[in-house]
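Any value given below was found using the heavy atoms of this structure, including those in side chains, with hydrogens, waters and symmetry copies removed. Residue numbering restarts at 1 for every chain, and letters A, B, ... go by the order of the sequence lines.
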Amino acid sequence: MCFNMSLVTDRLALEGEFGAVFEQFPSYSGGSTPSIEYYNRSGFSHPLWPVVTVQDPGNFSSAHWGLVPSWVKDRESALRLQDMTLNARGESIWEKPSFRSAAAHAQRCLIPVDGFFEPHEHEGKSYPFYIHREGKLFALAGIYDRWVGPQTGREYLSFSIITADAAGLIDTIHNKKHRMPLILTAQQYPRWLDSDLSQEQVRQMLGDDRLPELFAHPVSKQLYSRTPAALEPSVQKQCLTGIDAVDRIALR
DNA sequence: CCAGACGTTGTT
DNA sequence: GTCTGG
DNA sequence: CCAGACGTTGTT
DNA sequence: GTCTGG
């Protein structure tokens with residue numbers, strides 16, 4: 001599960017990490033202060049995100065979070081479906097109508113993040129955690145598709161986060177659904193972007209429960225609100241809940 | 001045969 | 001576009 | 001886990 | 001009885 005992500009990095013750091021340049025992404029290219037501040041972005045607002053695709057690995061493409069498959073007929077259906085395609089279960093992307101075209105055509109992408117959020121349940125209440133690598137960039141694995149708006153005729157690029165069974169620290173945190181986004185480190189970027197990657201090889205990556213070094217701490221439940229405060233840097237900051245069972249997880 | 005789904009896992 | 005449910 | 005289906009087909 | 005959908 002992954003409905004909230006973070007990306008607070010300037011253009012140069014992104015270009016260095018992913019070996020791609022910005023020419024397509026409006027808020028990055030041409031601006032004098034080419035950075036964005038996505039301390040917390042909810043998938044349900046379908047934000048534009050810079051991604052690196054198999055088909056154009058040398059550039060950052062701008063894509064909306066929430067995959068809209070090419071066969072969707074109208075804007076209303078697209079919006080409805082988009083709330084349900086923030087994640088794609090990695091195990092079933094080859095069968096699901098919404099994802100199989102993307103899966104069949106190796107439309108995979110890297111989604112740069114500084115971190116993401118997962119809920120921890122304790123005595124019936126949900127405590128959001130921020131999961132990160134101490135400011136080090138990394139990527140989540142995604143698939144994407146293109147949709148052409150019937151009214152506008154314009155192409156709409158959009159993606160889903162690939163999920164797998166949770167492992168390690170994330171399994172401890174996400175104790176209800178036990179799912180996590182597929183996390184990629186720099187060494188794995190070329191592999192995910194290899195257009196010849198077989199279904200078997202993708203399944204292997206999904207089943208690999210080794211995680212890179214991760215850090216996590218509980219954050220304010222403000223994260224769940226739909227106020228401007230939920231977008232502020234403070235949502236990422238350490239915020240001890242005072243509940244031992246929850247705080248203890250952060251000590252890793 | 002046609003209509004409808006097509007998806008994943010949140011919270012206040 | 002393609003499958004499922006009725 | 002429990003509720004509900006359990007079936008087929010050309011219609012305006 | 002057993003499968004599917006929620």
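- Counted by atom type alone, A:Ser126 and A:Tyr224 present one or more donor-acceptor pairs between their side chains at under 3.5 Å.
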Sugar-phosphate or base contact per nucleotide [nucleotides 7-12 of chain B; S, B, -; heavy atom under 4.0 Å]: BSSBBB
Worked check of side-chain hydrogen bond (donor to acceptor under 3.5 Å, both in side chains) between A:Gln82 and A:Ser158: CA-CA 9 Å; A:Gln82 208 172 17; A:Ser158 56; 5.2 Å; no
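- Side-chain contact between A:Gln55 and A:His105: absent, with no pair of heavy atoms (C-beta onward) separated by less than 4.5 Å.
- For residues 130-141 of chain A, no residue pair satisfies the side-chain hydrogen bond (donor to acceptor under 3.5 Å, both in side chains) rule, not counting sequence neighbours.
- Rounded to the nearest Å, the gap between the C1' atom of D:dT11 and that of C:dC3 is 23 Å.
- Screening A:Trp49, A:Phe116, A:Trp65 for a ring-ring contact (aromatic ring centres under 6.0 Å, His included) involving A:Tyr38 leaves a single residue, A:Trp49.
- Scanning DNA chain B for stems, defined as runs of 3 or more consecutive Watson-Crick or G-U wobble pairs whose donor-acceptor distances all fall under 3.5 Å, gives the following ranges: B:1-6 with C:1-6.
- Using C1' as the reference atom, B:dC1 and D:dT12 are 13 Å apart when rounded to the nearest Å.
- For B:dA5 and E:dG6, the C1' atoms lie 15 Å apart once the distance is rounded to whole Å.
- Here the shortest heavy-atom pairing between A:His120 and A:Asn175 reads CE1-ND2, 3.2 Å.
- Rounded to the nearest Å, the gap between the C1' atom of B:dC2 and that of D:dT8 is 14 Å.
- Atom CD of A:Gln187 sits in a sparse spot, with 12 or fewer heavy atoms from other residues, nucleotides or ligands closer than 6.0 Å.
- Inter-residue side-chain proximity for A:His46 and A:Leu86 is flagged as met; some heavy-atom pair is nearer than 4.5 Å.
- Taking atom P on both nucleotides, B:dG7 is separated from D:dC6 by 22 Å, rounded to a whole Å.
- Rounded to whole Å, the P atom of D:dG4 lies 27 Å from the corresponding atom of B:dT9.
- Rounded to whole Å, atom C1' of B:dC6 lies 18 Å from atom CH2 of A:Trp94.
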